Participant: 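Below are the structure tokens for one structure; questions will follow.
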Amino acid sequence: MRVSSILLAATACTSAVQGLALPSIFHRQETKCMTAKETEEMVEIYRKLIAEYTEELGEKYVAKDFIDLSDSINTFIHLPLGGPTFPDRATFLDVQSWNMHFPVKILSVDAVQCNTVALQWVASFGEANLPSKGLTIMKTIFEDGIWKVLEIVVEFNALTWLLNMGGSYEWEGVTYTADSPDPATLPKAP
């Protein structure tokens, strides 16, 4: 009796589950996804867009509906935290056209999901030449027959970046500049 009750209950549950619509996560999507090679290429394009920008590169690889979000950058340019940094393609291309070039080294690509890539990077430059580590989530879109950057969400060590730009800050009564406190006590680029 006990075994037949368990079998009956299991059959009822199976029938009920088969009759339910499954959530959308289980439906097959027709979205085009990047291959491993395309992902590598887009990571390098991202690095160049940020560190070695050219007008040709920007025009070709920045999507029509591009947006950039970064509280790290927003603190420097006095924009509200949580809001867009570069709200559209034109603004991003304009700012990148006059931004200085600086070395960016990709440390790792930590996750890839179809058209989205999470990566870590480091940049050392300027007066202090200290390593500023950053994290980027890059969303891409297949547009006009090629992959383009659609969205960038980036955060990095803004205080180190500030020192690299020749700025300073005060923390717990100590003023930090490119050469103080003693640079020997601060980490150097790998």
Side-chain angles (χ1 to χ4, degrees), residues 31-35 38-169 176 178 189:
T31 303
K32 180 174 175 59
C33 294
M34 291 187 293
T35 64
E38 290 167 332
T39 299
E40 286 179 31
E41 291 169 357
M42 287 308 297
V43 167
E44 179 59 12
I45 288 165
Y46 164 77
R47 189 194 67 73
K48 286 182 176 180
L49 282 171
I50 301 306
E52 301 170 14
Y53 179 83
T54 64
E55 186 176 333
E56 179 183 351
L57 190 71
E59 290 295 331
K60 183 174 182 179
Y61 290 109
V62 176
K64 294 173 190 137
D65 293 329
F66 176 86
I67 187 169
D68 185 318
L69 304 154
S70 174
D71 283 349
S72 300
I73 297 172
N74 286 1
T75 61
F76 291 131
I77 58 178
H78 309 290
L79 290 175
L81 299 181
T85 304
F86 306 117
D88 55 50
R89 180 180 196 269
T91 304
F92 178 79
L93 296 181
D94 181 52
V95 170
Q96 288 306 101
S97 72
W98 52 264
N99 245 351
M100 66 173 189
H101 287 195
F102 57 93
V104 171
K105 178 182 177 186
I106 303 297
L107 299 175
S108 62
V109 174
D110 299 314
V112 177
Q113 178 67 37
C114 187
N115 67 338
T116 304
V117 181
L119 58 113
Q120 296 183 53
W121 52 267
V122 67
S124 301
F125 64 93
E127 199 170 315
N129 199 36
L130 297 171
S132 182
K133 189 173 180 183
L135 304 170
T136 298
I137 306 296
M138 174 180 60
K139 293 183 181 179
T140 62
I141 187 170
F142 196 74
E143 187 175 83
D144 302 325
I146 62 170
W147 286 103
K148 295 185 179 187
V149 179
L150 176 64
E151 180 179 306
I152 298 171
V153 179
V154 61
E155 299 301 341
F156 53 87
N157 184 330
L159 292 177
T160 300
W161 201 277
L162 178 65
L163 296 178
N164 288 346
M165 292 189 309
S168 64
Y169 66 93
Y176 293 81

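Hydrogens, waters and symmetry mates are skipped; everything else that's a heavy atom, side chains included, is used. As the structure is a computational prediction, the values presented were derived from the model and not from experiment.
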Participant: Do Tyr53 and Trp98 have ring centroids that are under 6.0 Å from one another?
Facilitator: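 Here the rings of Tyr53 and Trp98 have centres that are no less than 6.0 Å from each other.
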Participant: Can you tell me how far CD1 of Ile67 sits from NZ of Lys139, rounded to the nearest 0.5 angstrom?
Facilitator: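 Result: 10.5 Å between the selected atoms.
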Participant: Out of curiosity, Met138 CE to Leu119 CG, how far, rounded to the nearest 0.5 Å?
Facilitator: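 Going from CE on Met138 over to CG on Leu119, the span is 6.0 Å.
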Participant: Roughly how far, to the nearest 0.5 Å, is OH of Tyr169 from OG1 of Thr160?
Facilitator: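 Nearest 0.5 Å value for the OG1-OH distance: 6.0 Å.
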Participant: Considering only heavy atoms from C-beta outward, does the side chain of Lys133 approach that of Leu107 to under 4.5 Å?
Facilitator: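 In short, these two side chains touch, coming nearer than 4.5 Å.
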Participant: So, Ser124 versus Asn129: side-chain donor-acceptor pair below 3.5 Å or not?
Facilitator: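 The criterion, which ignores hydrogens and geometry beyond distance, is not satisfied for Asn129 and Ser124.
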Participant: Measuring only between side-chain heavy atoms, which start at C-beta, is Met165 closer than 4.5 Å to Trp161?
Facilitator: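 In contact.
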Participant: Classify the ring geometry between Phe76 and Phe156 as parallel (under 30°), tilted (30 to 60°) or perpendicular (over 60°).
Facilitator: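 The arrangement is parallel - the two ring planes meet at less than 30°.
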Participant: Within the 4.5 Å heavy-atom criterion, are Tyr176 and Leu159 side-chain neighbours or not?
Facilitator: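 No - every pair of side-chain heavy atoms lies 4.5 Å or more apart.
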Participant: Are there more than 12 heavy atoms of other residues, nucleotides or ligands under 6.0 Å from atom CG of Asp65?
Facilitator: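 No, the 6.0 Å shell around CG holds no more than 12 heavy atoms from other groups.
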Participant: State, with a plain yes or no, whether a side-chain heavy atom of Met34 is found less than 4.5 Å away from one of Val117.
Facilitator: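 Met34 reaches Val117 side chain to side chain.
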Participant: Determine whether Trp147 and Asn115 make a side-chain contact, defined as any pair of heavy atoms from C-beta on separated by less than 4.5 Å.
Facilitator: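 Yes; the side chains approach each other to less than 4.5 Å.
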Participant: Might you point out which heavy atoms bring Ala63 and Glu143 nearest each other, and give the distance in Å?
Facilitator: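 Of all heavy-atom pairs spanning Ala63 and Glu143, the closest is CA-OE1, 3.4 Å.
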Participant: Are any of the side-chain nitrogens in Arg89 or Glu59 under 4.0 Å away from the carboxylate oxygens of its partner?
Facilitator: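 Salt bridge present between Arg89 and Glu59.
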Participant: Enter the distance from Ile146:CD1 to Ile45:CD1 here, rounded to the nearest 0.5 Å.
Facilitator: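 These two atoms lie 7.0 Å from each other.
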Participant: Between Asn99 and Gln96, is any pair of side-chain heavy atoms under 4.5 Å apart?
Facilitator: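 Sidechains of Gln96 and Asn99: in contact.
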Participant: Of all the heavy-atom pairs spanning Leu69 and Thr85, show the shortest one and how long it is.
Facilitator: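 Closest approach of Leu69 to Thr85: C-OG1, 3.6 Å.
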Participant: A side-chain contact here means heavy atoms from C-beta on lying under 4.5 Å apart; do Phe86 and Asp94 qualify?
Facilitator: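 A side-chain contact is absent here, since even the closest heavy-atom pair is not under 4.5 Å.
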Participant: Can you tell if the side chain of Lys64 reaches within under 4.5 Å of the side chain of Asp144, non-hydrogen atoms only?
Facilitator: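 Lys64 reaches Asp144 side chain to side chain.
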Participant: Taking all non-hydrogen atoms of both residues into account, name the closest pair between Asn74 and Gly83 and its distance.
Facilitator: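 It is ND2-O, 3.1 Å.
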